[in-house]
Amino acid sequence: MKTGTSLLAPGHRGCAGCCDALAGRFLLDALGKDCIVVSPTGCLEVFTTPYPESSWGVPWIHSLFENAAAVASGVEAALKALGRKNNTKVVSIGGDGATLDIGLQAISGAFERGHDLTYVCVDNEAYMNTGVQRSSATPLYANTTTSPSGRESRGNPLHKKNMPAIMAAHGSPYVATASVSYAPDLMKKIKRAAEIEGPTYVHIHAPCCTGWGFDSSKTIEVGRLAVETAMWPMYEMENGEVTKVRKIKDRKPVEEYLKVQKRFKHLFTKDGAREEVKKIQELADWNAKHFGLE
Amino acid sequence: MKNKMTVVEGSYAVAHSVKVCKPNVISAYPITPQTHIVEDLSQFVADGEIDCEYMNVESEFSAISALIGASAVGARTYSSTTSQGLALMHEALFNASGMRLPIVMTVVNRALSAPINIWNDQQDSISQRDTGWIQLYAEDVQESADMTPQIFKLAEDKDVLLPAMSCMDGFILSHVYEPVILLEQDLTDEFLPQFEPEFILDPANPMSFGAFADPTTYTEFRYRQEEAMGVALKKIETLANEFNDIYGRYYGGLVDGYMLDDAEIVVMAMGSVIGTVKDTIDMLRKDGVSVGLLKVRSFRPFPVDAVRKALKNAKIIITLDKNISVGKNEGALCTEVKACLHNTKMRIPVIGFMLGHGGRDIPMGTIVNIVDKAKAAMKTDSFIESGFADLREDL
Amino acid sequence: MTLVIKTAVKPGSTIVNKTGAWRSFKPIFDNELCSKCGICAMYCPEGVVYKLESGYYEPDYDFCKGCGICANECPKKAIKMVLEEK
């Protein structure tokens with residue numbers, strides 16, 4: 001019987017076109033068998049492990065929503081204590097809610113303690129598992145079920161939290177941003193992060209067709225647009241300094257990214273929100289300038 | 001030299017016991033009155049007397065979470081906490097027991113806020129009674145020290161595999177200096193086997209832990225935990241005897257009696273108050289009062305049969321609780337005892353007294369008053385409601 | 001009563017769940033147009049597009065959910081999404 005091309009087996013219950021499934025696959029393709037994966041609660045955790053099944057071809061543990069980094073640090077400590085650490089990589093992969101919101105303290109603690117682990121955030125910019133509620137990773141003006149647009153609202157009024165900067169400020173030797181739409185680059189960064197000793201962080205931008213409102217075939221395309229418009233800058237940081245960026249040729253206006261997603265539809269109605277689109281464009285411009293993307 | 005008594009602080013005696021149990025990973029966050037245990041353990045690590053990973057985590061929540069990961073890798077794991085710290089762990093306590101990870105924790109019992117209070121009662125661990133953790137309560141420092149290897153062996157037993165709390169009263173036991181026998185390394189090595197779980201997180205045999213159970217399987221996970229508690233119930237007795245064989249000390253298994261067999265009035269209690277109760281009984285016995293004690297060592301699993309058997313000659317039962325189920329006006333021990341007698345032919349009145357909250361002292365006089373009330377109730381065949389035994393009238 | 005419920009489960013065991021039944025549109029691969037670049041396999045969220053010995057690619061319809069990413073990403077437009085007939 002065919003069991004899939006990856007260590008993340010098929011048969012999981014991810015939506016058709018799921019970005020998390022892609023991120024999970026790329027993670028294991030990059031790491032190979034010699035790793036232990038810790039997942040916080042979230043889509044990836046739920047859809048890969050309906051008891052008594054599991055998609056994971058590597059040792060895997062899910063404990064709670066907010067403690068994955070702490071669990072991972074315990075895994076790493078135990079491997080060391082038992083003399084089994086060797087080359088085994090300890091990796092945690094969680095969503096933006098588990099990373100930027102509820103799990104932030106545990107991540108901060110694990111990074112401060114300097115464990116040899118890699119934390120991977122799969123950022124689809126809202127609480128998708130519970131039905132697209134706003135998280136602190138939700139971008140400005142995006143429509144979610146708890147930041148809906150309406151007569152008095154243009155959607156999420158707050159800016160996306162800059163998680164990579166927070167992780168870099170912890171003194172992490174390696175922090176990188178990546179996108180599911182650039183698989184080879186993503187896998188290279190995960191490999192790099194895992195190989196570097198100490199706590200490292202990879203933040204993956206992951207378009208969710210269900211939550212963002214686009215056809216399941218467009219997951220990769222939408223992610224690419226985020227990068228091509230500079231809405232999602234791709235860079236690597238070593239010891240707090242940006243050392244590499246992915247340059248953009250012919251940067252596209254943000255409308256091209258926003259218009260293909262239902263979560264921004266309210267900005268493009270007849271009485272369209274030109275001011276809001278302009279503000280989003282300013283964010284992209286800032287990214288392009290700050291990271292030297294052009 | 002064996003059986004040498006040393007005067008040490010209660011926390012030190014327990015920390016020493018943890019040391020000789022050779023945990024692989026210790027993870028803890030400091031909180032009064034648990035601090036001396038983790039300080040002593042840290043010193044053991046600093047002096048190279050214990051070979052383990054000691055994790056100074058940023059919260060109790062991460063302390064227990066790290067041990068969930070470590071235990072799943074196959075490590076012997078230990079933590080200690082109290083009060084607010086234990087409450088902060090609440091969610092993860094269910095998780096550890098549901099995943100059947102035999103983490104051992106010393107709970108240095110303390111009151112819960114508000115109002116904030118750092119002194120002893122048992123509201124903290126009692127409030128966690130449904131989390132699926134074994135809970136044993138120690139009477140004195142020696143028992144706290146001796147309980148440690150017993151509880152590791154119990155938790156890690158392949159037919160049990162449940163996390164376990166060894167409970168000792170804050171300050172009263174943790175900060176008291178008493179002559180104790182520090183546990184011998186060679187005897188402990190003989191008593192406590194290696195932790196060898198069937199499944200671990202290991203790239204050579206990649207199993208998944210913590211899967212998502214739907215309504216078709218969830219119930220059976222709970223059933224299996226209850227079944228394991230049933231096994232633990234038997235093992236607690238066996239282990240107490242095994243411990244006695246090797247170390248020569250015994251505190252009862254699930255329960256222990258004092259002047260119990262002929263007692264009409266039976267006082268039931270847990271923890272350090274037992275000492276005061278025993279002294280009070282000695283005094284009252286001299287006055288001809290037919291009173292005895294039933295000490296409860298194991299609160300989870302609750303020893304229903306052992307309690308029924310021990311109470312068979314009692315005429316009236318008094319329970320002492322350093323906790324309250326607010327809205328029920330009684331403590332947890334009282335509720336348990338009533339419940340375990342109800343579906344029998346035993347018709348013995350149970351009066352619950354709550355006392356010692358937030359570190360309020362429990363002098364012998366308080367126990368005497370309680371026994372007097374029970375005597376009066378027995379004589380007049382009248383009914384007494386449960387309630388607080390040591391309320392101040394002047395506040 | 002002894003139950004066989006265990007807290008640890010076996011790796012890769014979701015393969016008993018044939019998600020091909022979810023599909024509304026089926027990807028049909030045209031080898032005449034295919035340049036063997038492998039992008040279809042790389043971006044399959046199920047990881048079920050296999051490279052054949054010939055160098056061409058073939059999806060496993062037992063698991064393919066019909067998301068259409070392979071067709072959308074194919075630089076040669078060699079994959080067509082066709083309405084599933086069941």
Side-chain angles (χ1 to χ4, degrees), chain A residues 7 13 31-39 41 45-90 92 103 105-110 112-113 115 117, chain B residues 22-27 29 50-77 79 89-96 98-99 101 103 195 199-214 216-218 220-221:
Chain A
L7 281 166
R13 277 67 157 174
L31 295 172
K33 285 186 173 173
D34 196 6
C35 64
I36 294 176
V37 175
V38 182
S39 291
T41 309
E45 167 267 320
V46 169
F47 76 64
T48 54
T49 59
Y51 188 87
E53 297 166 28
S54 169
S55 291
W56 298 86
V58 300
W60 176 91
I61 182 168
H62 157 248
S63 171
L64 298 167
F65 198 2
E66 67 277 44
N67 70 353
V71 173
S73 69
V75 166
E76 188 254 12
L79 288 175
K80 274 194 195 158
L82 296 167
R84 290 182 7 221
K85 177 72 178 70
N86 306 320
N87 284 321
T88 302
K89 309 294 183 198
V90 179
S92 178
Q105 177 181 322
I107 296 170
S108 177
E112 181 269 329
R113 293 192 296 276
H115 294 275
L117 55 83
Chain B
K22 299 179 179 167
N24 304 112
V25 181
I26 299 173
S27 174
Y29 185 82
I50 178 170
D51 180 20
C52 77
E53 287 289 320
Y54 186 98
M55 299 174 68
N56 271 310
V57 288
E58 85 295 341
S59 69
E60 287 89 355
F61 191 79
S62 281
I64 183 72
S65 297
L67 295 187
I68 286 170
S71 185
V73 170
R76 173 167 291 162
T77 51
S79 190
M89 289 181 179
H90 181 67
E91 185 193 9
L93 297 179
F94 280 98
N95 195 253
M99 282 208 267
L101 300 170
I103 299 161
F195 173 41
F199 295 112
I200 53 172
L201 288 170
D202 178 10
N205 180 25
M207 302 296 281
S208 293
F209 289 72
F212 179 89
D214 69 13
T216 64
T217 54
Y218 184 87
E220 284 66 30
F221 278 94

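A note on names: the letters A, B, ... follow the listed sequences, proteins ahead of strands, and every chain is numbered from 1.
We find the NE2-CD distance between His115(A) and Glu53(B) to be 8.5 Å, quoted to the nearest 0.5 Å. The CG atom of Leu79(A) lies 9.0 Å from the CG atom of Asp202(B); values are rounded to the nearest 0.5 Å. Interatomic distance, OG of Ser62(B) versus CZ of Arg113(A), reported as 6.0 Å (0.5 Å rounding). Separating the CG atom in Leu201(B) from the CD1 atom in Ile36(A) is a distance of 5.0 Å, to the nearest 0.5 Å.
The backbone N or O of Leu82(A) lies less than 3.5 Å from no partner atom in the side chain of Asn24(B), so there is not a single donor-acceptor pair.
Interface remark: of the candidates Val75(A), Val37(A), Val38(A), Val75(A) forms the most heavy-atom pairs closer than 4.5 Å to chain B. Contact count versus chain B (heavy atoms, under 4.5 Å) is highest, among Val46(A), Leu64(A), Thr48(A), Thr41(A), for Leu64(A). Top candidate by heavy-atom pairs under 4.5 Å with chain B, chosen from Ala72(A), Ala106(A), Pro52(A), Ala70(A), is Ala70(A). When Ser54(A), Ala81(A), Gly109(A), Ser63(A) are compared by the number of non-hydrogen pairs under 4.5 Å with chain B, Ser63(A) comes out ahead. Of the listed residues Ala211(B), Ala75(B), Ala213(B), Ala96(B), the one with more heavy-atom pairs under 4.5 angstrom with chain A than any other is Ala211(B).
The part of Asn56(B) that comes within reach of chain A is its backbone (N, CA, C, O), which places non-hydrogen atoms under 4.5 angstrom from that chain. Using a 4.5 Å cut-off between heavy atoms, Met99(B) touches chain A through its side chain atoms alone. In this structure, the portion of Ala72(B) lying under 4.5 Å from any heavy atom of chain A is its side chain and not its backbone. For chain A, the nearby part of Thr217(B) is the side chain; its heavy atoms alone come within less than 4.5 Å. Looking at Thr88(A), the atoms closer than 4.5 Å to chain B (heavy atoms on both sides) all sit in the side chain, from C-beta outward. At a 4.5 Å heavy-atom cutoff, Ile64(B) makes no contact with chain A through either its backbone or its side chain. Heavy-atom distances place the side chain of Glu45(A), and not its backbone, under 4.5 Å from chain B.
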Next on the checklist: Quick one, Ser59(B) with Gln105(A), criterion side chain to side chain contact (heavy atoms under 4.5 Å, CB included). Give me CA distance, side-chain angles, the key distance, then yes/no.
Outcome noted: CA-CA 9 Å; Ser59(B) 69; Gln105(A) 177 181 322; 3.2 Å; yes

Next on the checklist: Assess the residue pair Phe61(B) and Glu66(A) against the criterion (side chain to side chain contact (heavy atoms under 4.5 Å, CB included)); give the C-alpha distance rounded to whole Å, side-chain angles, the decisive distance to 0.1 Å, and a yes or no.
Outcome noted: CA-CA 9 Å; Phe61(B) 191 79; Glu66(A) 67 277 44; 3.3 Å; yes

Checklist entry - Going through the distances and angles, do Asn67(A) and Glu91(B) end up as a side chain to side chain contact (heavy atoms under 4.5 Å, CB included)? => result CA-CA 10 Å; Asn67(A) 70 353; Glu91(B) 185 193 9; over 6 Å; no

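Exactly one of Phe221(B), Tyr218(B), Phe209(B) qualifies for a ring pair (Phe, Tyr, Trp, His ring centres under 6.0 Å) with Tyr51(A). That residue is Phe221(B).
Other residues, nucleotides and ligands contribute more than 12 heavy atoms inside 6.0 Å of the CG atom of Asn86(A).
When all heavy atoms are compared, the tightest approach of His62(A) to Gly210(B) is ND1-O, 3.0 Å.
You'll find the side chain of Asp34(A) reaches within 4.5 Å of the side chain of Pro203(B), heavy atoms only. Using a 4.5 Å cut-off on side-chain heavy atoms (C-beta onward), Ser73(A) and Met55(B) make contact.
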